[in-house]
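Below is one structure; the comments refer to it alone.
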Amino acid sequence: NSDATLDLGSPVARFKDLFLSSGVYLGGTGAANKLDDYEEGTWTPTLVGTTSGSATVTVTSANYTKIGNVVNVYAEISADLSSHTIVGAVEIGGLPFNASSTNNGGGTAGYNALVNGSVFFRPISTKLRLTAGLTYSWQSGDLATGAVALCMFHATYRTA
């Protein structure tokens with residue numbers, strides 16, 4: 001037995017893959033140091049209303065990274081707002097994981113042509129509510145008009 005004196009591999013003699021049945025402890029042995037979940041993938045954003053309706057969305061890219069219970073989503077979408085049927089607050093649906101009910105996440109749009117103003121995102125269940133701050137939600141009447149409304153955004157939220 002030896003404690004904290006051996007290296008596994010080196011910069012010029014690396015191992016190819018590591019398969020574990022549980023997790024790995026990084027920087028300590030406490031529960032907070034255990035990494036037991038990491039995932040990357042794609043997801044399919046939708047544009048919907050809290051009451052009803054939707055808009056046709058074209059997804060250029062939509063990716064996520066989940067580390068433990070923290071999910072980061074990124075997307076570039078365009079929506080046809082000339083014939084949308086959205087009623088109520090505007091949400092982007094299709095999140096890859098349910099947001100925690102005690103969630104304090106959020107995100108912003110790097111570019112937004114969905115509504116006239118700055119967009120922030122508030123995670124609710126499997127959707128991101130478009131908001132202008134902590135309390136105001138963009139409503140269907142606030143949507144821009146036209147066939148191509150581009151939005152590039154990222155958001156971070158916690159999942160159960």
Side-chain angles (χ1 to χ4, degrees), residues 16-24 26 31-160:
K16 182 179 177 295
D17 292 311
L18 179 63
F19 297 91
L20 303 171
S21 63
S22 183
V24 61
L26 300 171
N33 297 86
K34 186 176 182 182
L35 175 61
D36 59 357
D37 188 14
Y38 179 90
E39 183 178 334
E40 294 180 349
T42 60
W43 62 292
T44 305
T46 60
L47 194 60
V48 297
T50 53
T51 303
S52 65
S54 63
T56 302
V57 173
T58 301
V59 179
T60 302
S61 66
N63 301 291
Y64 72 87
T65 303
K66 180 177 182 282
I67 303 171
N69 66 350
V70 176
V71 182
N72 291 290
V73 292
Y74 312 88
E76 180 179 337
I77 63 172
S78 58
D80 181 354
L81 300 179
S82 62
S83 60
H84 77 82
T85 59
I86 293 173
V87 178
V90 181
E91 295 180 329
I92 293 177
L95 290 178
F97 301 94
N98 280 340
S100 169
S101 61
T102 58
N103 189 31
N104 60 355
T108 58
Y111 178 82
N112 156 53
L114 294 175
V115 292
N116 296 316
S118 296
V119 172
F120 301 95
F121 298 101
R122 184 169 47 125
I124 301 171
S125 184
T126 59
K127 299 180 180 98
L128 295 172
R129 173 99 27 103
L130 277 67
T131 65
L134 295 176
T135 57
Y136 177 74
S137 295
W138 290 106
Q139 300 295 306
S140 54
D142 298 318
L143 284 168
T145 58
V148 180
L150 180 64
C151 186
M152 294 177 279
F153 64 90
H154 75 277
T156 299
Y157 65 96
R158 292 191 180 276
T159 186

Using a 3.5 Å distance criterion without hydrogens, assess whether the side chain of Trp43 forms a donor-acceptor pair with backbone atoms of Asn63.
yes
Using only atom types and a distance under 3.5 Å, with no angle test, would you say the side chain of Asn33 pairs donor to acceptor with the backbone of Leu26?
yes
About how many Å separate [atom2] of [Y] and [atom1] of [X], when rounded to the nearest 0.5 Å?
{"X": "Asn98", "Y": "Ile124", "atom1": "CG", "atom2": "CD1", "result": "12.5 Å"}
{"X": "Met152", "Y": "Ser61", "atom1": "CE", "atom2": "OG", "result": "9.5 Å"}
{"X": "Ser137", "Y": "Asp142", "atom1": "OG", "atom2": "CG", "result": "10.0 Å"}
{"X": "Thr145", "Y": "Asn116", "atom1": "OG1", "atom2": "CG", "result": "8.5 Å"}
{"X": "Phe120", "Y": "Phe153", "atom1": "CZ", "atom2": "CZ", "result": "15.0 Å"}
{"X": "Ile86", "Y": "Leu81", "atom1": "CD1", "atom2": "CG", "result": "7.0 Å"}

Taking the side chain as C-beta and beyond, is there a heavy-atom pair between [X] and [Y] under 4.5 Å?
{"X": "Ile67", "Y": "Leu35", "result": "yes"}
{"X": "Val57", "Y": "Leu47", "result": "yes"}
{"X": "Val48", "Y": "Ser54", "result": "yes"}
{"X": "Thr50", "Y": "Arg129", "result": "yes"}
{"X": "Glu91", "Y": "Leu128", "result": "no"}
{"X": "Thr58", "Y": "Ile77", "result": "no"}
{"X": "Pro96", "Y": "Val73", "result": "yes"}

Restricting to non-hydrogen atoms, name the atom on [X] and the atom on [Y] that form the minimum distance, rounded to 0.1 Å.
{"X": "Lys66", "Y": "Val71", "value": "CG-CG2, 4.0 Å"}
{"X": "Val59", "Y": "Ala62", "value": "CG1-CB, 3.8 Å"}
{"X": "Ile92", "Y": "Pro45", "value": "CG2-CB, 3.9 Å"}
{"X": "Lys34", "Y": "Ser22", "value": "NZ-OG, 3.0 Å"}
{"X": "Ala109", "Y": "Asn112", "value": "CB-CB, 3.9 Å"}
{"X": "Ala55", "Y": "His84", "value": "CB-CB, 3.7 Å"}

Residues Glu39 and Tyr64: side-chain donor-acceptor under 3.5 angstrom:
yes
Residue pair Cys151, Glu76: steps toward the side chain to side chain contact (heavy atoms under 4.5 Å, CB included) verdict:
CA-CA 6 Å; Cys151 186; Glu76 180 179 337; over 6 Å; no
Could you go through Leu114 and Leu130, starting from their C-alpha distance and side-chain angles, then the distance that decides it, and tell me whether this counts as side chain to side chain contact (heavy atoms under 4.5 Å, CB included)?
CA-CA 10 Å; Leu114 294 175; Leu130 277 67; 4.0 Å; yes
Who passes salt bridge (Lys or Arg N to Asp or Glu O under 4.0 Å) against Lys127, sequence neighbours left out?
none
Intermediate values then yes/no, ring-ring contact (aromatic ring centres under 6.0 Å, His included), Tyr157 and Phe121:
CA-CA 10 Å; Tyr157 65 96; Phe121 298 101; over 10 Å; no
Residues that Asn72 engages under side chain to side chain donor-acceptor pair (under 3.5 Å), provided they are two or more places apart:
Thr156
List for me each residue that meets side chain to side chain donor-acceptor pair (under 3.5 Å) alongside Tyr38, sequence neighbours excluded, and say none if there are none.
Glu40
